[in-house]
*Asks:* 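Right, I'll just put the structure down here and ask away after.
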Amino acid sequence: MVAGVAEGVALALRGGGGSYALSRVLPPEGAVASAAIRVLGADVLAPYAPEQPYAAGRPAVAAPGGPDEALVRAALAAHPPAADATEVSLWSYRGLLEAARGRLPGDGQNWPPEPAAGLAWVDDDPWPKLAHRASQLAALSVPGLAAPLAGALARRTDDLSRGFVRAVRRRDWLQAAGLGRWLAGLPGVPETLGLDSGLVFVDRMSGGDPRVALQVAAARCFYGRGS
């Protein structure tokens with residue numbers, strides 16, 4: 001289910017597969033659709049992002065409309081952050097909400113309130129934990145989205161690079177792809193990292209994992225890396 005939606009998003013970011021519409025790639029069951037949206041977060045709306053300077057042409061997307069907005073609103077309502085939600089959960093929810101407000105053409109009214117999400121962990125976490133959390137939030141690595149988080153992560157580019165290398169060595173392709181996507185959009189990435197060839201390697205070695213393919217397609221589409 002999640003894999004199928006991820007595959008549809010990746011295909012749209014690569015500019016193939018006909019027109020993309022969120023409502024077309026989701027299963028018809030409401031609860032299942034809401035769960036898939038919350039797992040993939042803001043990436044379900046990534047093909048609607050206007051900032052796609054490295055897309056192969058312009059990804060073919062249908063105009064986002066009522067069905068998409070209804071699906072996202074339902075997902076936000078069904079899966080709000082709990083009182084004891086982690087920072088990852090809070091930032092993921094905020095990112096989906098921010099993307100929906102900016103990319104869906106509804107009236108912009110009556111969206112859920114934006115939960116507070118902290119940034120202290122970005123400075124305080126040891127690099128392995130930072131890498132793990134950042135990879136879980138890779139859907140927020142889109143130009144103009146979650147700017148405070150991206151700005152904070154830019155201060156720890158070296159540690160994210162260490163995490164990327166560690167994930168590749170451990171064959172954790174999803175974590176490597178998520179970190180590679182962040183690094184694609186951050187300044188100061190060491191040339192010695194070999195990010196472009198690294199992303200290609202991760203994509204190939206993942207065995208066709210749609211979620212890995214989505215991360216690599218986003219790195220190429222939004223930042224021109226990994227090709």
Side-chain angles (χ1 to χ4, degrees), residues 1-14 20 22 25-26 33-52 55 59 61 64 68 71-72 75-76 79-81 85-104 114-115 117 119 122 130-154 160 163-164 167 172-186 199 202-203 206 209-223 225-226:
M1 175 256 305
V2 171
V5 180
E7 185 175 7
V9 174
L11 195 60
L13 293 178
R14 291 194 293 262
Y20 172 86
L22 175 59
V25 299
L26 282 168
S34 290
I37 290 171
R38 282 295 282 125
V39 169
L40 292 175
D43 267 341
V44 299
L45 301 176
Y48 298 138
E51 306 89 348
Q52 299 185 26
V61 298
D68 289 353
L71 286 165
V72 174
L76 290 167
H79 301 282
T86 64
E87 294 290 357
V88 167
S89 179
L90 291 169
W91 274 107
S92 177
Y93 190 90
R94 280 170 58 109
L96 177 59
L97 181 57
E98 182 182 346
R101 285 171 169 166
R103 300 172 192 166
L104 295 175
E114 186 175 274
L119 289 170
V122 178
L130 174 76
H132 176 66
R133 285 178 162 180
S135 70
Q136 292 178 303
L137 293 171
L140 305 188
S141 179
V142 175
L145 188 64
L149 177 59
L153 288 172
L160 294 178
F164 177 77
D172 187 342
W173 308 123
L174 184 56
Q175 184 175 119
L179 290 171
R181 176 174 170 179
W182 273 117
L183 290 166
L186 295 176
L199 281 168
V202 167
D203 195 18
S206 72
D209 185 323
R211 296 185 67 184
V212 171
L214 169 54
Q215 304 296 351
V216 176
R220 290 171 181 162
C221 178
F222 294 117
Y223 305 114
R225 304 302 301 265

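Values in this document were obtained by computation on a predicted structure and should not be read as measured data. Residue numbers start at 1 and run along the sequence shown.
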*Asks:* Looking at every heavy atom in both A36 and V5, which two are closest together, and how far apart are they?
*Replies:*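 Closest approach of A36 to V5: CB-CG2, 4.4 Å.
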*Asks:* Got a sec, which residues hit side-chain contact (heavy atoms from CB on, under 4.5 Å) with A167, two or more places apart in sequence or on another chain?
*Replies:*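 A167 satisfies side-chain contact (heavy atoms from CB on, under 4.5 Å) with D172, Q175, A176 once adjacent residues are dropped.
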*Asks:* Restricting to side-chain contact (heavy atoms from CB on, under 4.5 Å), what partner residues turn up for A3, sequence neighbours left out?
*Replies:*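 Counting only residues at least two positions away or on another chain, A3 forms a side-chain contact (heavy atoms from CB on, under 4.5 Å) with P210.
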*Asks:* Of all the heavy-atom pairs spanning S206 and D203, show the shortest one and how long it is.
*Replies:*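 Smallest interatomic distance, heavy atoms only, reads OG-O, 2.9 Å.
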*Asks:* Under the salt bridge (charged side-chain N to carboxylate O under 4.0 Å, His left out) rule, what pairs show up with a residue in residues 88-98, not counting sequence neighbours?
*Replies:*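 Sorted result for residues 88-98: R94-E114.
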*Asks:* Of the non-hydrogen atoms in Y20 and Y48, which two are nearest, and what is the gap between them?
*Replies:*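 Minimum heavy-atom contact is O-OH, 4.0 Å.
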*Asks:* Quick one: are V9 and L13 in side-chain contact, heavy atoms under 4.5 Å?
*Replies:*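 With C-beta onward as the side chain, the pair touches.
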*Asks:* Evaluate the side-chain proximity of L153 to L130: yes if any heavy-atom separation is below 4.5 Å, no if none is.
*Replies:*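 Sidechains of L153 and L130: in contact.
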*Asks:* When rounded to the nearest 0.5 angstrom, what is the spacing between CH2 in W173 and CG in D209?
*Replies:*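 Atom-to-atom, W173:CH2 and D209:CG are 11.5 Å apart.
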*Asks:* Excluding sequence neighbours, so at least two apart, what forms side-chain contact (heavy atoms from CB on, under 4.5 Å) with A147?
*Replies:*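 Counting only residues at least two positions away or on another chain, A147 forms no side-chain contact (heavy atoms from CB on, under 4.5 Å).
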*Asks:* For the residue pair Y93 and P80, what are the closest heavy atoms and their distance?
*Replies:*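 Distance-wise, the nearest heavy atoms are CE1-CA, 3.6 Å.
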*Asks:* Who are the side-chain hydrogen bond (donor to acceptor under 3.5 Å, both in side chains) partners of D43, not counting sequence neighbours?
*Replies:*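 Per chain and number, D43 pairs via side-chain hydrogen bond (donor to acceptor under 3.5 Å, both in side chains) with R181.
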*Asks:* With rounding to the nearest 0.5 angstrom, report the OH to CG distance, Y223 to L199.
*Replies:*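 CG of L199 is found 12.5 Å from OH of Y223.
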*Asks:* With sequence neighbours left out, write down each residue that passes side-chain contact (heavy atoms from CB on, under 4.5 Å) with P148, or none if nothing qualifies.
*Replies:*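 P148 satisfies side-chain contact (heavy atoms from CB on, under 4.5 Å) with W91, L119 once adjacent residues are dropped.
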*Asks:* Which heavy atom of V216 sits nearest to which heavy atom of A177, and what is that distance?
*Replies:*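 Scanning both residues completely, I find the closest heavy atoms to be CG2-CB, 4.5 Å.
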*Asks:* Any side-chain heavy-atom pair from L96 and H79 closer than 4.5 angstrom?
*Replies:*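 Answer no - side chains too far apart.
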*Asks:* With sequence neighbours excluded, what pairs up with R38 under the salt bridge (charged side-chain N to carboxylate O under 4.0 Å, His left out) test?
*Replies:*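 With sequence neighbours excluded, R38 shows a salt bridge (charged side-chain N to carboxylate O under 4.0 Å, His left out) to no residue whatsoever.
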*Asks:* Answer whether the closest heavy-atom distance between the side chains of L40 and R211 falls below 4.5 Å.
*Replies:*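 Heavy-atom side-chain distance check passes, below 4.5 Å.
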*Asks:* When rounded to the nearest 0.5 angstrom, what distance separates CG in L183 from OG in S141?
*Replies:*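 With rounding to 0.5 Å, CG (L183) is 9.0 Å from OG (S141).
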*Asks:* If you take all heavy atoms of A33 and L26, which pair is closest and at what distance?
*Replies:*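 A33 and L26 have their closest heavy atoms at O-CD2, 4.0 Å.
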*Asks:* State the OG-CG distance between S34 and L71, to the nearest 0.5 angstrom.
*Replies:*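 Rounded to the nearest 0.5 Å, the OG-CG separation comes to 7.5 Å.
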*Asks:* Donor-acceptor pair, distance only, cut-off 3.5 Å: does the side chain of R220 make one with the backbone of G226?
*Replies:*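 Yes, R220 side chain to G226 backbone: donor-acceptor pair under 3.5 Å.
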*Asks:* Which pairs of donor and acceptor atoms, one on a side chain in residues 133-140, lie under 3.5 Å apart (sequence neighbours left out)?
*Replies:*
unit_1 : atom_1 : unit_2 : atom_2 : d
R133   : NH1    : D125   : OD2    : 3.0
S135   : OG     : A131   : O      : 3.4
S135   : OG     : H132   : O      : 2.8

